[in-house]
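A short worksheet on the structure shown next.
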Amino acid sequence: MTTAPVTVPTAPQADADWWRQASVYQIYPRSFADANGDGIGDLRGIISRVPYLEKLGVDAVWLSPFYPSALADGGYDVDDFRDVDPKIGTLEEFDEMVAALHGAGIKLVVDLVPNHTSDRHEWFREALASPKGSNARERYIFRDGEGEDGELPPADWTSIFNGPAWTRVEDGQWYLHSFATEQPDLNWKHPEVHEDFKRTLRFWSDRGVDGFRIDVAHGLAKDLGEVLPSKAELKAMPKDGTHPLWDRDEVHEIYAEWREVFEEYTPARTAVAEAWVETAERRAKYASPKGLGQAFNFDLMEADFDATHFRDIVTDNLGQSAKTGSSTTWVFSNHDGVRHATRYGLPPRAGRDVKQGAEWVLAGGPDDGIDRELGLRRARAATMFELALPGSAYLYQGEELGLHEVAEIPDEQRQDPSFWRSTPQTRGWDGLGRDGCRVPLPWTREGESFGFGSNGAHLPQPAWFADFSVEAEDGVEGSTLEMYRAALALRRQLQSAESLEWDERLSTDDVLAFERPGGWLSITNFGDDAVALPDGEALLSSASLEADEEGGLLLPGATTVWMRRTA
Ligand code: NOJ
C-alpha cells in the first residue's frame, strides 16, 4: 500500500542525501548514560548528553534496540517493536529525544530487528497457546521433531551463538532460533509479518526517525523445504542466493516493499543493512537504491593494521558502491566486536582477525601480551584514515575516548548469551563474549560509576576507566576525545565529492596517502619508521609529528596526518 507523502519533523539539514557521507555515532542505550539511577542507561540519559554529541560533531546517532525486552540478547530480543522499554523510558521521552537531537542538527537511525522476536512477544505467546499448524504458529518456524516420538530436533543445526538452533515446546513441536532460545525466528513467508513490519517502519518514521539499521538483514528469507539438510550439508551449500537460510535472493523483495514505505516520507527514510554475506557483490544488492540503500561492510573491522589490506578494502568497496549508486560504510568498532584500540595491540599473527582478537582478550590482565599503548596509537591513526574516506563512518560509543575492551569481567556478571551458550572449546568469534565492549561509559574521573549514573552500572567498570573518562579528556590537548572532535569538525569542512585519488608518489608498502577533491590529503604511516612529509599545511595528526635535521616534517609510525597541499 502506498500512502500520500507526509512531512514530519526532521533535523534541520533536510537533505535527502545526508546519509551518504555522514558520521554516525552508535549508542548502545543501556550503557550510555543512566538518568534514573537504576544502573541501566536510558533515554533521559541520552537527552542529557545531546550537548556532548553536538560538541563531538557527529551527523547522526544510531540507537541500538530500546524496545521492551528481557535482555536475553542485550535488547535484540524484542517484546514489542512499537514501544520503549520501561527500564529505558517512555514513548514521550523518545519524542523528546528526537526533538533534542534534531534541535542539535543530529539525525536519528534506529535499530530494527526483523529476523526474530523475543519469546515474550505477543505473537510468540499466541503461538505457544495455539495448536500445531495454526496461523499463530505459522508466523514462526515450527516443525515436528525426529525420532520415534519426535524427541529429537528436526535438524542438528547450531545457533549463531552456539548450542542448538531448535527448542522444543510443550506439545512436542520444535521452533527455530538462529540466535538465542529466547529469539524465535519469524517466518517471512507469512503476509502478516510483512504487514506488521511496514506498520513498524511507519510508526517510527511518523515519530521523526530518519533511518533504520536492519539487524541480520541477510537472514529474513528462508526456504526450508520438507526435508531439512544436516548441519554439515548446510555448511557445504554455497551462499549464492540459494542457501536455505542466508542471503537468499528473494530477501530483496522484502526490501523493495520497504523502499516504498521509505519513499512515503520527505526526505525519504534511509536504511543500512547488517548483512554478513560472502562477497562485496552480494553485499551491494542490499545497498541498492531499490532496496535498503546502504550496507555495512565490516572489512576494516576484520583487517590487520596493514597498508596493503586497508588499500585493497577501500578500493574494493568504493568500486562496489560506485556500481550501485550507494555510498560505502566504514566500521572499526561496534557492540559486537573487540574494540579496535585493543585489537590493534594484539601480538602479531598472520591472518589474525576479530575472532582471534577475542581469544586474546580472553587472557585478560596486565600480562596478556596486548600492547594497549600501541593499540590505541594505531586506533587513532585508523580512525583519522577512516574519517578522511568518502562514505559514512560508523563510530561506536566510547571509541572517541580511546576505550579498550574490558577483559576483567567476572564470569558470573557476564550477560552476553553467546558466552553462556558456549564452552571454552566452542567459543569462536565471540571468545569471551561481547560484554567487554558494552561496559557503561565513564563520564567522570571519580564518583559513582564514573558519572554513568547515581547507582552503579549493570556491568562492572574497571579502575582504569578514570583515565579514559570524558572529564579526563575534555579540553586536554592531544586526548583522543579532542582528536575526534577536531577530526569530525574538519571532516565537515573538507568533505566533498565521494571520490579519492591515491597518491602513488607518497604511498608505499607501509604508507597510504590519498587526496580528496579540494586538496585534502590524508597520509597514514602503518609502519614503525618515520617518513618524510610533502610540503603543505598540516591540519591535524593522530600523534605528534616529528622534524628532521633540516626542519622538514616527519610522520612517525602508526600515525595519520591530514594536510592541505601548498602548490
Ligand atoms: C546482530 C546484532 O548486532 C547482535 O548484537 C545481535 O546479537 C544479533 N544480530 C541478533 O539479533
Side-chain angles (χ1 to χ4, degrees), residues 24 26-32 62-81 85 109-121 124 140-141 157-163 165 167 176-186 188 197 200 212-220 222 245-247 251 271-277 283 286 292 295-298 301-302 329 331-339 354-355 358 394-398 405 414-422 427-439 459:
V24 187
Q26 182 189 357
I27 291 186
Y28 191 73
R30 292 171 180 85
S31 301
F32 186 66
W62 149 28
L63 187 62
S64 281
F66 52 87
Y67 311 106
S69 168
L71 304 183
D73 180 22
Y76 285 88
D77 47 319
V78 179
D79 299 348
D80 180 350
F81 293 100
D85 191 336
V109 171
V110 298
D111 222 309
L112 190 72
V113 190
N115 180 67
H116 41 266
T117 69
S118 82
D119 59 351
R120 308 194 318 170
H121 190 281
F124 195 70
Y140 292 91
I141 301 175
W157 303 351
T158 308
S159 93
I160 306 274
F161 292 158
N162 281 307
T167 289
L176 175 70
H177 50 89
S178 299
F179 295 88
T181 316
E182 297 86 348
Q183 293 167 295
D185 281 40
L186 284 165
W188 273 90
F197 271 88
T200 297
F212 298 89
R213 177 264 186 192
I214 311 303
D215 190 62
V216 202
H218 57 306
L220 277 50
K222 297 184 178 75
L245 297 178
W246 303 113
D247 191 24
V251 78
V272 56
E274 185 218 23
W276 292 91
V277 295
R283 182 161 62 228
Y286 294 82
L292 295 176
F296 283 124
N297 90 68
F298 298 110
M301 203 166 151
E302 298 194 315
T329 57
V331 188
F332 281 114
S333 285
N334 67 21
H335 65 298
D336 287 333
V338 175
R339 283 187 179 276
V354 104
K355 302 168 192 152
Y394 284 82
L395 311 171
Y396 178 51
Q397 69 179 37
E405 190 80 1
R414 291 196 174 269
Q415 300 173 6
D416 182 1
S418 72
F419 176 81
W420 292 109
R421 293 177 62 89
S422 54
R427 260 166 221 156
W429 63 270
D430 17 41
L432 246 199
R434 300 164 295 173
D435 293 312
C437 64
R438 299 175 177 182
V439 175
L459 280 168

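Whatever order the structure lists them in is the order used to number ligands and atoms, beginning at 1.
Ion pairing of Arg434 with Asp73 is present here, as a side-chain N (NZ or NE/NH1/NH2) and a carboxylate O approach within less than 4.0 Å. Looking at Arg421 and Asp416, no side-chain N of the basic residue comes within less than 4.0 Å of a carboxylate O on the acidic one, giving no salt bridge.
Below 30°, between 30° and 60°, or above 60°: for Phe179 and His116 the angle between ring planes is between 30° and 60°, a tilted geometry. Note: His335 and Tyr76 have parallel aromatic rings, judged against thresholds of 30 and 60 degrees for the angle between ring planes.
For His121 and Phe81, the ring centers are positioned less than 6.0 Å apart.
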May I have a table of the N/O to N/O pairs between ligand 1 and the protein that fall below 3.5 Å, each row giving the two atom names and the distance to 0.1 Å?
residue, atom, partner, partner atom, Å
ligand 1, 3 (O), Arg213, NH2, 3.1
ligand 1, 3 (O), His335, NE2, 2.8
ligand 1, 3 (O), Asp336, OD2, 2.5
ligand 1, 5 (O), His335, NE2, 3.0
ligand 1, 5 (O), Asp336, OD1, 2.8
ligand 1, 5 (O), Arg434, NH1, 3.3
ligand 1, 7 (O), Asp73, OD1, 3.3
ligand 1, 7 (O), Asp73, OD2, 2.6
ligand 1, 7 (O), Arg434, NH1, 3.0
ligand 1, 9 (N), Asp215, OD1, 2.8
ligand 1, 9 (N), Asp215, OD2, 3.2
ligand 1, 11 (O), His116, NE2, 3.0
ligand 1, 11 (O), Asp215, OD2, 2.7

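When Asp119, Asp185, Thr167 are each tested for a side-chain hydrogen bond (donor to acceptor under 3.5 Å, both in side chains) with His177, only one passes: Thr167.
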